[in-house]
Amino acid sequence: MPEVMTARTDPEGGRSRRQPPSALPKTYDPAQVEERVYALWERGGYFRPRADGAKEKSRRPFTIIMPPPNLTGELHLGHALVVALEDALTRWHRMLGDDTLWLPGVDHAAIAVNAIVERQLADEGRTRHDVGREAFLARVWDFVNRSRSRIAEQHRRLGASADWTREAFTMDPGPQRAVRQTFKRLYDDGLIYRGERLINWDPEGQTALSDLEVDYREVAGHFWYVRYPLLDAEGGQTQEFVTIATTRPETIPADTAVAVNPADERYRSLIGRRVLVPTSDRPVAVIADAAVSMKAGSGALKVTPAHDPLDFEIGERHGLEILNIMNPDATLNERAGAYAGLDRFEARDRVVADLEAKGLIEKVEPYTHAVGHSQRSGAIVEPMISLQWFVSAKPLAQPAIAAVRDGRIRFVPDRFARTYLQWMDNIRDWCISRQIWWGHRIPVWYCDACAGLTVAVQDPTACDHCGDAHIRQDEDTLDTWFSSGLWPHSTLGWPDDSDDLRRYYPTQVMETAYDIIFFWVARMIMLSMYNMRGVPPFETVYLHGLVRAQDGHKMSKSLGNVIDPLKVIDRYGTDALRFTLVTGPAPGNDMRLTDERLEGSRNFANKLWNGARFVLGELEAGERAAAPVDVRARPLEDRWILSRLARLTRTVQQLLDDFQLGEAGRQIHDFLWSEFFDWYVEASKPRLRRGDRSPLPVLVYVLDRSLRLLHPFMPFVTEEIWQRLRRHLQNPRARALIAASYPSKRNVQPALDDEAERAFAVLQNTVRAIRQVRAEKKVEPGRWVPAYVIDRGGDGSLAERSTVIEVLARARPLHIVSAREEAPSEGVVAQVLAGAEVVLPLGGLVDAEQERARLQKEVNDAQGYLQRVEAKLGNDQFRRKAPADVVAREERRRDEIAGRLAGLRERMADLP
RNA sequence: GGGCGAUUAGCUCAGCUGGCCAGAGCGCCCGGUUCACAUCCGGGAGGUCGCAGGUUCAAGUCCUGCAUCGCCCACCA
């Protein structure tokens with residue numbers, strides 16, 4: 001019974017093909033494809049670098065540095081873009097035969113991770129000090145390791161062709177040694193120092209921040225004009241005041257001077273006199289300093305060296321007392337007198353209220369100004385005097401600047417080199433100590449006995465200076481970017497002179513977003529050159545833009561417009577996401593990810609799937625197609641598509657060499673869809689339908705090469721299809737597409753065939769013209785109509801391919817003639833092309849007046865164009881100065897358009 | 001206050017070193033169940049390439065200025 005039900009009869013009664021084992025499933029299901037293909041890659045061991053254990057000298061190393069996904073949260077689209085670009089580059093190089101290596105890693109985002117764990121503790125009613133350092137770090141590691149395995153899974157879903165389990169991680173023990181070594185070298189060279197400086201303090205994370213970790217945001221605030229009572233020579237109060245504008249009245253108790261510009265006429269007489277700090281009745285001097293702006297505020301400045309960067313500098317110049325009135329949590333301390341214990345913002349209100357009560361507030365103005373926020377905790381940053389470790393940046397910057405100036409390091413797009421140089425030229429010392437627990441601990445030990453410092457790579461047991469054993473390690477940890485800055489060499493085994501280091505340093509490409517140039521790229525260049533005897537860490541810095549949400553805003557959790565890449569993958573497939581991301585923006589430009597584009601990419605994958613299904617369906621089980629060899633003798637469409645493929649291959653090669661991945665992807669897309677599938681596959685059908693199997697080698701060959709070209713952009717679908725196609729290749733060599741060779745102009749045959757391309761273009765135009773007439777005259781799409789093609793001065797290639805034209809244009813019988821007289825001229829609709837005319841006898845459908853109007857419009861257009869071309873050719877400046885091929889092209893254009901114009905006029909004359 | 005980017009069809013964007021009668025996808029209009037694909041096929045409409053000057057035989061592409069939007073850097077209280 002079931003046998004009877006499933007038995008199929010062939011309606012045409014012809015040959016009934018059995019489904020070969022290589023047939024693709026009818027529908028394209030990305031999820032299934034991804035799962036199957038990934039398993040195949042893993043089984044084949046393709047992700048292990050140097051899986052074969054070979055490091056042949058003949059293979060060029062290609063190493064790419066992978067920017068870190070953030071350990072604090074979910075994978076975001078920016079990182080998906082990173083993976084898409086890096087993996088595309090890596091797969092391409094692997095297919096070129098290079099020895100590829102990723103240096104993928106994780107940004108330990110230490111401040112944020114510490115904050116998360118602190119918050120966990122807070123929920124339990126505890127602080128890190130309650131649980132102690134050991135237990136705290138254990139909890140952090142627990143959190144981090146879970147994040148790491150989640151990231152590994154996400155990379156897998158993205159199709160990342162790197163073995164994530166091998167990833168180097170700046171917090172792992174290997175890099176730890178590199179970190180200490182670097183610190184010690186810098187210290188010994190006098191490039192690291194410890195000092196009391198004004199730093200950016202994050203009261204929430206309770207740590208210092210570097211300048212870069214502070215984001216300035218406009219905040220609506222107030223300008224308070226405060227009267228500072230002026231004292232007379234004996235220290236007695238006068239009725240005079242100096243009015244000072246401030247946005248932060250809570251810092252008034254920390255004032256240790258009032259400063260004015262020496263050139264300021266208004267205040268010149270006050271210089272050297274004294275005023276009272278209005279909150280505390282403490283006398284301070286009025287000093288003159290050129291740094292004071294005469295335009296800002298009232299022109300007089302309260303000097304608060306402990307809580308303002310400019311004031312700190314003024315204080316240094318004048319030897320002012322530094323009065324720090326704040327605790328680490330931004331409450332005021334006992335030096336703030338009556339305000340001790342208050343939070344800084346409460347204190348602000350209280351100070352204002354008290355001054356108002358004393359009548360010392362002259363006026364209040366609303367004022368919007370930029371306020372620093374901690375990038376990682378979001379808290380308002382408090383400038384504060386503090387004892388911290390610093391790196392002297394200038395000496396490190398010099399070679400790093402030179403490396404970019406003289407081109408040893410190249411930026412793509414190159415405009416970012418200027419951004420980099422501008423920052424580097426004005427670089428300031430880098431505060432590297434952080435008061436958080438999870439991070440590389442500063443390798444400095446203090447001696448209880450002699451107060452000496454011991455800086456060491458291995459944990460020391462005694463003081464370097466006095467030998468006393470009572471030494472304590474510095475409590476602080478290092479800035480995340482200090483260890484990340486060592487990435488290009490620390491992950492390869494430095495400070496050991498390892499094989500990896502020798503082979504893979506310097507790396508070829510550093511790929512990242514442009515917003516991280518200063519944080520990371522600049523630091524890597526500086527520190528790597530310092531450690532690696534002046535050898536820059538990479539050749540090319542390839543920068544991509546930011547991924548924005550559909551609404552064009554930067555994606556952020558607080559805006560609630562974050563898109564989860566995994567959800568996108570579930571919906572459209574990894575290939576669609578990757579193709580969309582890579583072909584989206586030009587390098588360095590931001591992109592917007594929209595559903596429309598994702599859909600388009602998914603449709604492309606589906607199109608490829610179905611096109612491949614057609615090719616595979618035409619093949620018999622076990623049949624192997626050789627690459628087409630007898631190309632010159634082949635029909636026009638074969639020569640055409642092979643030439644187009646060769647041209648595409650060259651273009652793609654050039655674009656990829658130039659890091660224009662998006663354009664390369666687009667070119668492959670266009671070739672496959674609008675040339676191979678829309679034209680070649682359709683043109684091959686007439687032959688196939690009549691049992692002529694000669695198109696198969698071409699179909700197989702072009703599909704094979706296209707899959708190879710596309711693989712870096714859409715790894716899963718291409719691999720899945722290629723696995724089936726492989727069984728029909730004569731000599732597939734590789735077992736998987738991921739390991740197959742990338743097409744190049746050397747291995748794609750034959751070479752370009754301009755003549756075939758030109759001739760086929762005429763054929764295409766002919767078909768289009770017939771279709772156009774049919775559509776315009778509303779001929780039922782299924783109906784065959786007779787047609788004439790007048791092939792003016794053709795080489796016979798049209799006549800030779802008349803069946804192709806017939807089928808594509810659904811025109812039959814099709815008469816290809818060489819003179820107008822051989823075609824009817826009444827009751828026809830005609831299209832005049834450059835090299836041919838198309839004539840459709842449509843009898844009753846033809847309206848002479850309409851035809852006249854249509855032809856007249858075309859005549860007008862053609863005339864206008866001809867005039868422009870003739871004007872250009874008539875200009876002897878043009879003939880003298882333009883390159884010969886441009887002139888020749890214009891002449892050809894003129895001849896074509898003139899011929900067409902003549903044809904159009906004749907057509908009009910034929911109308912009744 | 002410096003610096004950078006964007007401004008091209010209704011929308012989102014390509015257009016590299018100047019040669020284009022300006023491209024794609026989506027959307028829109030007309031028409032299609034042809035045995036790879038309706039996640040598709042055929043046809044079509046739609047653009048003073050932000051504005052104003054300039055260089056050039058030739059400018060969306062180079063230069064200058066301006067406008068709008070966005071980003072980065074900067075100690076102006």
Side-chain angles (χ1 to χ4, degrees), chain A residues 11-12 24 26-28 198 216 223 244-248 251 259 291-293 295-298 300-304 308-313 369-370 383 415-416 418-419 422-423 426 514-515 517-518 545-546 550 552 554 583-586 588-597 599-618 654-655 658 660 662-663 666 669-670 674 677-678 681-682 689 768 771-776 778-782 807 809-810 861-862 864-865 868-869 872 875-883 885-887 889-890 893 897:
Chain A
E12 288 174 42
L24 283 166
K26 181 143 175 54
T27 52
Y28 162 57
L198 200 101
Y216 287 89
F223 230 156
I244 291 169
T246 179
T247 56
R248 292 159 65 216
T251 63
V292 178
S293 160
K295 283 177 291 200
S298 64
L301 175 71
K302 66 196 252 340
V303 184
T304 320
D308 185 278
L310 176 65
D311 296 6
F312 178 78
E313 282 174 25
H369 59 141
R415 69 181 128 96
F416 288 107
R418 224 173 349 193
T419 312
Q422 205 171 308
W423 187 73
N426 300 301
Y514 63 73
D515 63 346
I517 293 173
F518 307 138
L546 272 24
Q550 303 225 21
K554 198 168 167 172
T583 55
N589 286 2
D590 291 352
M591 77 171 304
R592 215 177 283 217
L593 194 73
T594 61
D595 287 329
E596 289 72 34
R597 293 204 53 236
E599 246 166 60
S601 301
R602 187 255 270 124
N603 294 354
F604 175 47
N606 184 65
K607 182 72 182 178
L608 180 62
W609 182 269
N610 281 297
R613 239 160 56 81
F614 171 80
V615 175
L616 291 167
E618 292 298 320
Q654 206 174 343
L655 288 169
D658 212 20
Q660 306 228 33
E663 190 56 27
R666 249 171 265 131
H669 167 278
D670 292 351
S674 22
F677 294 141
D678 283 355
V681 165
E682 296 306 322
R689 292 293 168 259
R768 285 197 191 104
R771 285 172 174 172
Q772 204 180 338
V773 171
R774 295 179 55 122
E776 207 171 296
K778 308 276 192 246
V779 178
E780 300 100 87
V807 171
R810 219 166 173 78
D861 288 353
Y865 186 29
R868 254 170 299 160
V869 175
K872 194 183 270 191
N875 181 343
D876 50 293
Q877 291 278 355
F878 173 71
R879 287 191 174 276
R880 264 212 318 276
K881 293 183 176 169
D885 60 310
V886 173
V887 176
R889 190 162 57 229
E890 293 298 327
R893 262 183 211 158
I897 194 72

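Residue numbering restarts at 1 for every chain, and letters A, B, ... go by the order of the sequence lines. Everything quoted here is computed from the prediction, not taken from an experiment.
In this structure, A:K607 reaches the B:C41 phosphate: one of its side-chain N or O atoms is under 4.0 Å from OP1 or OP2. An OP1 or OP2 oxygen of B:C73 is reached within less than 4.0 angstrom by no side-chain nitrogen or oxygen of A:N426. Side-chain N/O atoms of A:K778 include none lying less than 4.0 angstrom from OP1 or OP2 on B:C30. The side chain of A:R889 contributes an N or O atom lying less than 4.0 Å from OP1 or OP2 of B:C20. Distances shown here put a side-chain N or O of A:R771 below 4.0 Å from the OP1 or OP2 atom of B:G43.
Side-chain proximity of A:Q772 to the nucleotides B:U39, B:G43, B:A77 is greatest for B:G43. Nearest to the side-chain atoms of A:N589 among the listed nucleotides B:G19, B:C13, B:A14 stands B:A14. Side-chain atoms of A:P781 lie closest to B:G31 of the nucleotides B:C73, B:G31, B:C4. Among the nucleotides B:G5, B:A36, B:C21, the one closest to any side-chain atom of A:R893 is B:C21. With distances taken from any side-chain atom of A:R810 to the nucleotides B:U34, B:C41, B:G19, the minimum falls on B:U34. The side chain of A:E596 sits closest to B:C26 out of B:C75, B:C26, B:C21.
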_Under the criterion salt bridge (charged side-chain N to carboxylate O under 4.0 Å, His left out), I'd like the reasoning laid out for A:R879 against A:E890: C-alpha separation, chi angles, the key distance, then a yes or no._
CA-CA 10 Å; A:R879 287 191 174 276; A:E890 293 298 327; over 6 Å; no
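For A:R597 and B:C13, the CZ to P distance is 9 Å, given to the nearest whole Å.
Using C1' as the reference atom, B:A9 and B:G47 are 5 Å apart when rounded to the nearest Å.
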*Using a 3.5 Å limit on both pairing distances, list the dot-bracket string of RNA chain B from the 5' end; Watson-Crick and G-U wobble pairs count, crossing pairs take [ ], interstrand pairs take |.*
(((((((..((((.....[...)))).(((((.......))))).....(((((..]....))))))))))))....
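Among the heavy atoms of the strands, none lies under 4.0 Å from A:T419. Note on A:V292: a base of the nucleic acid sits closer than 4.0 angstrom, heavy atoms only. Among the atoms of the strands shown, none is found under 4.0 Å from any heavy atom of A:P383.
For a distance-only test at 3.5 Å, the side chain of A:E682 qualifies as a donor-acceptor partner of the base of B:A36.
Side-chain contact annotation: A:Y514 with A:N589, donor-acceptor N/O pair under 3.5 Å absent.
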